[in-house]
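Read through the structure below, which is laid out as structure tokens, and then see the notes.
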Amino acid sequence: MKNIMWKAAKCALFLALIFLSGSLSAQKKEFSGNPIFPGWYADPEAKIFGNEYWVYPTYSAPYHEQVFMDGFSSTDLVHWTKHSHVLDSSAVKWVKKALWAPAITQKDGKYYLFFGANDIHDDTKEIGGIGVAVADKPEGPFKDYLGKPLIGKIYNKAQPIDQFVFKDDDGQYYIIYGGWGQCNIAKLNNDFTGVVPFADGISYKNITPKDYVEGPVMFKRKGKYYLMWSEGGWTGPDYRVAYAIGNTPTGPFKRIATILKQDPAIATGAGHHSVINIPGTNEWYIVYHRRPLGETDGNHRVVCIDKMYFDKDGLIEPVKITNEGVEERKL
Ligand code: FUB
């Protein structure tokens, strides 16, 4: 009898161990790893459309090779699908090179992809600046929307590149952009064919914070407007991201701190980012590019993701850049 009971106990223990190890492995979540997809890409614009995450980066190559954009989608932040040439310069006649830093927004069933192109320096001699392409789906194909740049002139000494599109709670869309150390904001009109002046008659307001270089991003949290941007030179190791908080989309914006930068143990040149907030939660992610350790080619930039946290006063905590990336997160 004793022998039978002993055997039954051993059997129960064995079954319990199998059950425990099964449920532990079921709970084990995957990590994205960094970079999140292969290839040299930069300036990632991350967005949520429905139950999918999308990332639209710059193809990081010499300017004359930057004539298309790829998109990447995922349902869990871990497994990414590449969508080749969602935008191709063959669909935008005035684009010749330097197709940079996409920004995307969804409006009235259409997807609008804003981009910088041609790296213009003299708006009296060159065609280029910020353009818009439109598609019915996030994977495109995107077609030229205007047949010319949306912003093809240089206002307030800001190069027309690195645009970000921000929608306020009242439904107004703003475009925030600028290279050469100057940041402008303008109000987009209802159909994105141009900009409309602010109440004081000014169309392009300069909101440049201290140390701003390029790559602005805006979002709203608990009624406050956060302006983030990149500092330093994008080809160098100390490229980084800083931020300010304002009470209106036009600021004023006083620089608070650097929150993203190189880590000698992980990577250099961490910057030009975007931000994702899981709707209805306080879960935030920063999607950015960085350069692998030891790499010196300016274009060797890869797209990475890490968590972004706020403290109890709404300040952004310094981001810890990682090799692991983030845990699987379905929407
Ligand atoms: O990728 C081209 C340029 O590099 C972007 O426009 C800048 O912001 C920098 O990231």
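Note that the structure is a prediction, hence the values are computed from the model and not measured. Just so you know, ligand 1 is whichever comes first in the structure, and atom 1 is the first atom listed for that ligand.
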Looking only at protein heavy atoms, identify the closest one to atom 10 (O) of ligand 1 and say how far it is in Å.
-> Asp43 OD1, 2.6 Å
Between Arg240 and Asp238, does at least one N-O distance fall below 4.0 Å, as a salt bridge requires?
-> yes
Which is closest to atom 8 (O) of ligand 1 in terms of heavy atoms, Ile161, Asp162, Thr58?
-> Asp162
Would you say Glu214 and ligand 1 have an N/O pair spaced under 3.5 Å apart?
-> yes
Sequence neighbours left out, what passes side chain to side chain donor-acceptor pair (under 3.5 Å) with Ser274? Give chain and number order.
-> none
For Tyr239, atoms of ligand 1 separated by under 4.0 Å from a heavy atom | 8 (O), 9 (C), 10 (O)
When the aromatic ring centroids of Phe115 and Trp94 are compared, is their separation below 6.0 Å?
-> yes
Do side-chain atoms of His79 reach the backbone of Leu77 as a donor and acceptor pair under 3.5 angstrom?
-> no
In plain terms, say whether Asp211 and Arg255 are close enough for a salt bridge, that is, a side-chain N and a carboxylate O under 4.0 Å apart.
-> yes
Atoms of ligand 1 under 4.0 Å from any heavy atom of His289, numbered from 1 in the order shown, are 10 (O)
Nearest heavy atom to atom 4 (O) of ligand 1, choosing from His272, Arg301, Gln66, His273, belongs to Arg301
